[in-house]
Amino acid sequence: MIGEPAKAYDPAEVEQRWYAFWVEQGVFRSSLDPDDRRPTYVISMPPPNVTGSLHMGHALIDTIQDVLVRHKRMQGYNVLWQPGVDHAGIATQTVVERQLKREGKTRHDLGREAFLARVWKWKDQSGGRIVEQMKFLGVSADWDRLKFTMDPDMSAAVREAFVRLYEEGLIYRATRLVNWDVEAQTVLSDLEVDNEENVNGELYEFAYPVIDADPAAGSTELVVATTRPETMLGDTAVAVHPDDPRFRHLHGKKLRHPFTGREIPIITDAILVDMNFGTGAVKVTPAHDFNDFQTGKRHGLEELNILAPNGTINENGGEFAGLDRFVARKAVKKRLVELGLERGSKPHLTTLPRSERSGSIVEPLISTQWFVNMVPLAEPALAAVRDGRTTILPEDWIKTYNHFLGNIQDWCISRQLWWGHRIPAFHCKDCGEFVVTRQDSVASCPKCNGARLEQDEDVLDTWFSSALWPFSTLGWPEKTPALERFYPTSDMETGYDILFFWVARMMMMGLHFMGEVPFRRVLLNGLVVDETGEKMSKVKGNSIDPLDLVHGATFETVVGKALPGAPVAEALSKFKKAYPSAAQMGQGFPAYGADAVRLTLASYTPQARRIALSPKRIEGYRHFCNKVFNAVRFALGNVEAVTLDGSPPKEPKLLVNRWILSRLASAVGASTRGIDEFRLDESAGALYHFFWDELCDWYLELTKPVFAAGTAEEIAETKVTLAHSIETALRALHPFIPFVTEELWQRVPRPPSRPRTIALAPYPTPADGRDDPDAERDVNCLMQVIGAARTIRSEHEVHPGAKVPLRLRSEDVARRELLTREARFIATLVKVDGDVVVERPGERPPGYVLSVACDADVLVGLRGLVEGKKELERIDRAVKKVEKDLVSLEKRLADPKFIDKAPPEVVVQVREQRAALERQRARLVEERGLADEL
RNA sequence: GGGCGGAUAGCUCAGCGGUAGAGCGCUGGCCUUACAAGCCGGACGUCGCAGGUUCGACCCCUGUUCCGCCCACCA
């Protein structure tokens, strides 16, 4: 290695090689060996959509989980990170239907069977992609156990779960008002509907003529207000408040529907009607509005459906039949004007329900669907968190979880799609009976013996199979060894956005079917957003393919994915607005490497709701990876032949060695603590700080004088300490930056007991270092002194190469001894000419200008090269600051209440601070007098 | 309408009842034989606003203003 030209770390060259090595070594495999007594650590990977491609959200959870998993693996756990992919019902079906559309076909042209064959073909083509992408990030999942939610065993689990829930009466079929996606033409669960603010909404008013009105009693028409005028085609009542005097004369009367001539009763309803809103009269459309549906049930109203599944008006809409709902809205308004019934409109803010998938506006519609009765399932899930069988981190989410489960509605699980798990229910054409069964077919109806049975056309909500994931992947309903060993799983780590969709449902199903929580901890991370805090979306053109960061990409390539089909200039401008720090970066992203991207993602605090991705920050962590690379290469030059036994040097004599071992103990302790507490940011931060600021900036520099001119004994001790520290630091960093650490670890001296890969080497503990407060205190003093000397050099513009005479003075004997003993280190780091002189105050000959290492209570003096005037100003500033601080301390100490009420140790502490400041002031004043002589 | 987060250095964010931190950016000096993706210095904050509790508040409480998110059937 020595003699090679200096070069930067090149991740591309390294990463593929080591990933292949880990796979080949079977590092990622969990063990089912009955003799394997290691404790288990299990994470079920949130399965990405089979047709999807890796986005930043995946990169985040993959990184976090990989850190958790690698950490535990190194700690000696039998780790299972269970990977899988999800069939993603609507999403996948939509993709394939879009392909068909380009060929001018619909799924109905193909028929169910041929369509499904087509989807499977697409799945086989594109389904492996996201798995391959994860591997670029270093994901160490047990790929041998990869599951797909529509694998035969997964499907069997789904069917079993459905049948059991049905038999227990928890799944039922019912006719209800549901959320209908007119584009995907399927029902949606409440969770799949996003409510969006509609700024263009209007409250439209029109009049219903009263039949047999008595003009003498009052108005002969009833004016209603609506945000959806076309729904008047389905009105079967108009409601007023029973106590509203304006409409008392209309109680019991009827209205004439202006288009169809239908008679519409006027009803009174105190629940539905708010007298002060709108016109005080509410049109009631039981078949297309949730409130009206309830009202209809209360009054026994007719439910008149006016919509076809594709969102057009059906035959009940009379002259408007066949029109799209929005076209019909305009047409209805036009007709109302023509009939003289329009009564005006005003802007009105409402919420628009949108399908999470298709984006189309959801229509409430009456339909017969399958539901899960959730309340009995929710109670155990609430209890499990309440009594701590499962904990949720960050804890803020517990409230949200409780609120959701405490107010849970029944779950509509059927979908009018073809791609998914078909509902295992058969419908008897003769008697209408439903047979729910584990069998693939039913020969005859158990009720009427009829032979004409057909399977329900619908499939299940994708999330139904997901809810079973922690145990279905382990073999349930079979009692497999894997299920036995790995359930309950340990941690469920995922984005908070699927707390309801997925986490809560897994809790319910896990408790129901397994009788035990599916995971011990729920770890929720925030959403990755762009640098300005905006959600990543196709519309905004601000999404980034994580692999473009890993491998590098031109901005043209990046925005081509972010905003497909848009003009490059427009896409670029949107992109640069979203990432101001990238805008200055030239033509594109360099290849940051997987390690840098991972370390960046791990360094964001997980409890933040939003994780604003900053390309500049990735750059910073790439620099860190490079730093690690270079530092280890440098160290290798000094430690090549060292032999290690896996423990820190027994009794290091050199202060610097004692110090670095103490810092090492602290850093690895903080690292494990951070990972255990789901504070990867703190863990990564501690290691980053240790490696760069302490190991590189101080320790490596401090070893130079030893290697250059130390005794053989000192050199030997330092070599071992250095080698040990590096080997340990690499192990500590490995979960975060697996590639570069493996690359270096393989070349670094290491104990013979180590396995073939760092990925299986033990994770460091504080026992790999040695806590040494004395060494820390002493080195802090040296740092202060060296820092003060450097500051003087810099402020007086002494050339960095120039050597200067240095004098240090302290009243404290121990301190003087320390400075004398460690003089060579000070001399090297400050570039001292000749010997470092250590003396008592008052020993100084004229001609020195001194500065003060305040905290160390040491005077630092440089001869000659400094300007007296500048130094005077500097000292004046220092005195000012010290005096200001003193004033505030004096004030506090003068307050009898403070002396009285503050804890004694705080008072002592403040007194010590004052004493120190007073000493400093004395130093500085003495200093000033002497500098003045210049 | 409820609920939950956020507001700290130019930017992105940590933090904490006892005299404010990091990265990036800015800035002065260095190509000092590991690293210029670097090294050594430096500047920079009435910790959203107003009250309160406390010997002491960036931190706890109350109110308030912005920003974001979630839940909810207001025509």
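In the text below, chain A, chain B and the rest are named by the order of the sequence lines, each starting its count at 1.
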Can you give me every donor-acceptor pair (side chain of residues 397-410 of chain A, partner residue at least two apart or in another chain, under 3.5 Å) with its distance?
unit_1	atom_1	unit_2	atom_2	d
A:Y401	OH	A:A381	O	2.9
A:N402	ND2	A:I398	O	3.4
A:H403	NE2	A:N407	ND2	3.2
A:N407	ND2	A:H403	O	2.8
A:Q409	NE2	A:N407	O	3.4
A:D410	OD1	A:M374	N	3.1
A:D410	OD2	A:Y172	OH	2.5

Please determine, for the side chain of A:H799, which listed nucleotide (B:C71, B:C31, B:A75) has the closest atom? B:C31
Can you pull out every salt bridge (Lys or Arg N to Asp or Glu O under 4.0 Å) where at least one residue sits in residues 275-298 of chain A? Sequence neighbours excluded, please. A:R228-A:D289, A:D235-A:K283, A:D269-A:R298, A:K297-A:E303
So does A:K704 get a side-chain nitrogen or oxygen closer than 4.0 Å to the phosphate oxygens (OP1/OP2) of B:A34? yes
Less than 3.5 Å apart, which donor and acceptor atoms pair up between the side chains of residues 621-628 of chain A and the rest of the protein, not counting sequence neighbours?
unit_1	atom_1	unit_2	atom_2	d
A:Y621	OH	A:S603	OG	3.2
A:N626	OD1	A:Y9	N	2.9
A:N626	OD1	A:N630	ND2	3.4

Could you write out each protein N or O paired with an N or O of nucleotides 41-44 of chain B at a distance under 3.5 Å?
unit_1	atom_1	unit_2	atom_2	d
B:G41	OP1	A:R790	NH1	3.3
B:G41	O2'	A:S794	OG	3.0

Base of B:A34 paired with side chain of A:E701 (donor-acceptor, under 3.5 Å): yes
For nucleotides 18-26 of chain B, read 5' to 3', which letter fits each nucleotide if B means a protein heavy atom sits under 4.0 Å from the base, S means only the sugar-phosphate is that close, and - means neither? BB----SS-
Using atom P of each nucleotide, how far apart are B:G68 and B:U8 to the nearest Å? 15 Å
Stems in RNA chain B, runs of 3 or more consecutive Watson-Crick or G-U wobble pairs with both distances under 3.5 Å, sorted by first number, are B:1-7 with B:65-71, B:10-13 with B:21-24, B:26-30 with B:38-42, B:48-52 with B:60-64
A:D289 has its side chain closest, among B:A34, B:C30, B:A75, to B:A75
What integer distance in Å separates A:E797:CD from B:U27:C1'? 13 Å
